[in-house]
Q: 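Handing you a structure now.
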Amino acid sequence: MFDIRWIREEPDAFDAGLARRGLAPMAQTLIEIDARRRAAQTEAQELQTRRNELSKQIGQAKSKGEDASDAMAEVARSKDAQAEAEEKAKAAGDELDAALAGIPNIPLDEVPDGADEDANVEIRTWGTPASFDFEAKEHDALGDGLGMMDFETAAKMSGARFVLLSGPLARLERALGDFMLDVHTREFGYTEVSPPVMVRDNALFGTGQLPKFAEDLFKTGDGLWLIPTAEVTLTNIVAGHIVEEDYLPRRYTAQTLSFRSEAGASGKDTKGMIRQHQFMKVELVSVTRPEDSAAEHERMTECAETVLQRLELPYRTVVLCTGDMGFSARKTYDIEVWLPGQGRYREISSCSNCGDFQARRMMARYRPKEGKGTRFPHTLNGSGVAVGRALIAVMENYQNADGSITVPDALKPYMGGIEVIEPNA
RNA sequence: GGAGAGGUGGCUGAGUGGUUUAAAGCGGCGGUCUUGAAAACCGUUGAGGGUUUAUAGCCCUCCGGGGGUUCGAAUCCCUCCCUCUCCGCCA
């Protein structure tokens, strides 16, 4: 959400930012609505000032037993005009808010321009894709061979895009989540959180999923939404609060299920568990002072990369171009893990700096040590990492010729003595 | 689901229609004292918006959200939301 005062002062910069997102200029329209709003508001306020004076006079006159009918008559006459001005101001304000709520964040200068993922820029790679002396299989073939990844049974009760894991493979998913939480809490200072996974409209408005992306979400009969990512709940921890500057930075992590309707993805990744309606994810959220968010963004991305390094999974990190970034982000790094079965890199984490875009929407503020008033902090979120996709990556990278999966060293403490996952007899 | 009690400034918490501008405490900030710190004492300290070159003034709004009564509402009425307590049900 943008500050209309900033748009008023820098309309060209605002429109230039929109253009990089492929959007038409809006500054002039917004400024016109805002001008209407302010004119009506000023008028209403002036009438209110007069009314306040008169009410005071009436009170004084009455207490002395004097006649106040002239003042009362004047108040009565101005009532309609004031109500009309107030109504106009509110209508224009609502119109302005609705327009602003649908405008995405503007990319930082260093973000590469581009229409889609083909214009993303690789900034580093880590590890070397292993070469197998047999034909590497995809995770769903491996899972089927193990007898521990069952799409049919899941489909019977839930439909497409669900899976049922069992035995050591189910445990491997649990081990991955535990391992990731341990890394982030013990080594990187994140506070572990166990948040709700159902939220109200206002929480999703705060992080930017609403009002524009309702179709990507699941909604319950009671009007609650299932979170598409724990970014929603972790970021909304600070919603509506004014905190002291010393409180920042805040760093939260949580392992939760995420729910996505995948409305726009029909026909995409229909095979396997790459794209599910429900998946486990460890999420990282940071709330920082504005001047710290760029460094925090790098740090957060390193936290996510550390998970893959410990698991010895080759990956590359890319910076998303303007056309591939999410609604609330001003800059995003994607981490893509190497999948030998698919023979390509696939997204396993996305780390975004949202600037003050979300903080404004959820009225999260802090009180600076120096100077007056309050400021909006910056919010960042990143997967640290997607547990479901990490499971896939481990399976494909640690597969053996006989279809078994070697447990990565980093996960052995979490697997209760299981070192190799063997097919069910 | 039934009954009841509440939602007040960064936090706790007074205040039931008019001597406007919400008491007090805590916290924060400044100062006195001290070699320094703590304690004590004194002072100060809300948010959003309009106007404006202005983080100066002046003005408006804000006591959960919305609506109403009144010349005037934290205070009265309606409605919605939320929190808490007891009962019922229940992982």
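Below, each value reflects all heavy atoms present in this structure, side chains not excepted, and no hydrogens, waters or symmetry copies. Within every chain, numbering begins at 1; the chains are lettered A, B, ... in the order of the sequence lines, protein sequences first and strands thereafter.
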Q: Answer yes if the side chains of A/T317 and A/E305 hold a donor-acceptor pair under 3.5 Å, and no otherwise.
A: yes
Q: Return the residues of residues 34-46 of chain A meeting this criterion: a heavy atom under 4.0 Å from some atom of RNA chain B. Order them by number, or give none.
A: A/R37, A/R38, A/Q41, A/T42, A/Q45
Q: Are A/E32 and A/R36 close enough, and set up right, to give a salt bridge (Lys or Arg N to Asp or Glu O under 4.0 Å), and what steps lead you there?
A: CA-CA 6 Å; A/E32 184 273 321; A/R36 259 166 39 217; 3.1 Å; yes
Q: Testing the 3.5 Å rule here: is there a donor-acceptor pair between the side chains of A/E283 and A/Y252?
A: no
Q: Verify whether one side chain among A/E231 and A/T207 offers a donor that lies under 3.5 Å from an acceptor in the other.
A: no
Q: Mind calculating the distance between CG (A/N202) and P (B/G64) to the nearest angstrom?
A: 18 Å
Q: Taking B/C62 as the reference, what is the distance to B/G6 when you measure between their P atoms (whole Å, please)?
A: 24 Å
Q: Any side-chain donor paired with an acceptor under 3.5 Å for A/H184 and A/T253?
A: no
Q: Less than 4.0 angstrom between a side-chain N/O of A/R365 and OP1 or OP2 of B/G10, yes or no?
A: no
Q: When the P atoms of B/U61 and B/A5 are compared, how many Å lie between them, rounded to an integer?
A: 33 Å
Q: Rounding to the closest angstrom, what is the interatomic distance between B/C58 and B/U19 at atom C1'?
A: 24 Å
Q: Taking the same atom, C1', in B/A73 and in B/A22, what whole-Å distance lies between them?
A: 13 Å
Q: Tell me: CG of A/D94 to C1' of B/G65, nearest whole Å?
A: 14 Å
Q: Could you check how far CD of A/Q48 sits from P of B/U21, rounded to whole Å?
A: 16 Å
Q: Please report the closest heavy-atom contact between A/I348 and A/S383, naming both atoms and the distance.
A: O-CB, 4.1 Å
Q: Return the set of residues passing side-chain hydrogen bond (donor to acceptor under 3.5 Å, both in side chains) with A/T229 (not counting sequence neighbours), or none when no residue passes.
A: A/K281
Q: Using the C1' atom as the reference point in each nucleotide, state the distance between B/U79 and B/C89 in Å, no decimals.
A: 29 Å
Q: Can you measure A/R360 atom CZ to B/G49 atom C1' for me and round it to whole angstrom units?
A: 14 Å
Q: Between B/C26 and B/C82, how far apart are the C1' atoms? Round to whole Å, please.
A: 26 Å
Q: Looking at A/T374, does any N or O in its side chain come under 4.0 Å of the phosphate oxygens OP1/OP2 on B/G48?
A: yes
Q: Checking contacts here: which listed nucleotide (B/A47, B/G50, B/C60) is nearest the side-chain heavy atoms of A/R5?
A: B/G50
Q: Can you tell me how far P in B/C11 sits from the matching atom in B/G72, rounded to whole Å?
A: 32 Å
Q: Pick out the pairs of N or O atoms, protein on one side and nucleotides 70-72 of chain B on the other, that lie under 3.5 Å.
A:
from: B/C71; atom 1: O2'; to: A/S55; atom 2: OG; distance (Å): 2.8
from: B/G72; atom 1: OP1; to: A/R51; atom 2: NH2; distance (Å): 2.5

Q: Might you point out which heavy atoms bring A/G416 and A/R171 nearest each other, and give the distance in Å?
A: N-NH2, 3.5 Å
Q: Students often mix this up, so state it plainly: with edges at 30° and 60°, are the rings of A/W6 and A/F2 parallel, tilted or perpendicular?
A: parallel
Q: With 3.5 Å as the limit, what N/O pairs link the protein to nucleotides 78-83 of chain B?
A:
none

Q: Who are the side-chain hydrogen bond (donor to acceptor under 3.5 Å, both in side chains) partners of A/R20, not counting sequence neighbours?
A: A/D113
Q: When A/V75 is tested against each of A/R51, A/E53, A/Q82 for side-chain contact (heavy atoms from CB on, under 4.5 Å), which residue passes?
A: A/R51
Q: Any stems for RNA chain B, made of 3 or more Watson-Crick or G-U pairs in a row, each with both distances under 3.5 Å?
A: B:1-7 with B:81-87, B:10-12 with B:24-26, B:27-32 with B:40-45, B:46-51 with B:57-62, B:64-68 with B:76-80
Q: Heavy atoms only, 4.0 Å cut-off, all strands: where does A/R50 land among base, sugar-phosphate and nothing?
A: nothing
Q: If I pick the P atom on B/U45 and the same atom on B/C81, what distance separates them, to the nearest angstrom?
A: 40 Å
Q: Can you tell me how far apart CD (A/E87) and CG (A/D80) are? Round to the nearest 0.5 Å.
A: 10.5 Å
Q: Below 4.0 angstrom from OP1 or OP2 of B/U45, is there any side-chain N or O of A/R367?
A: no
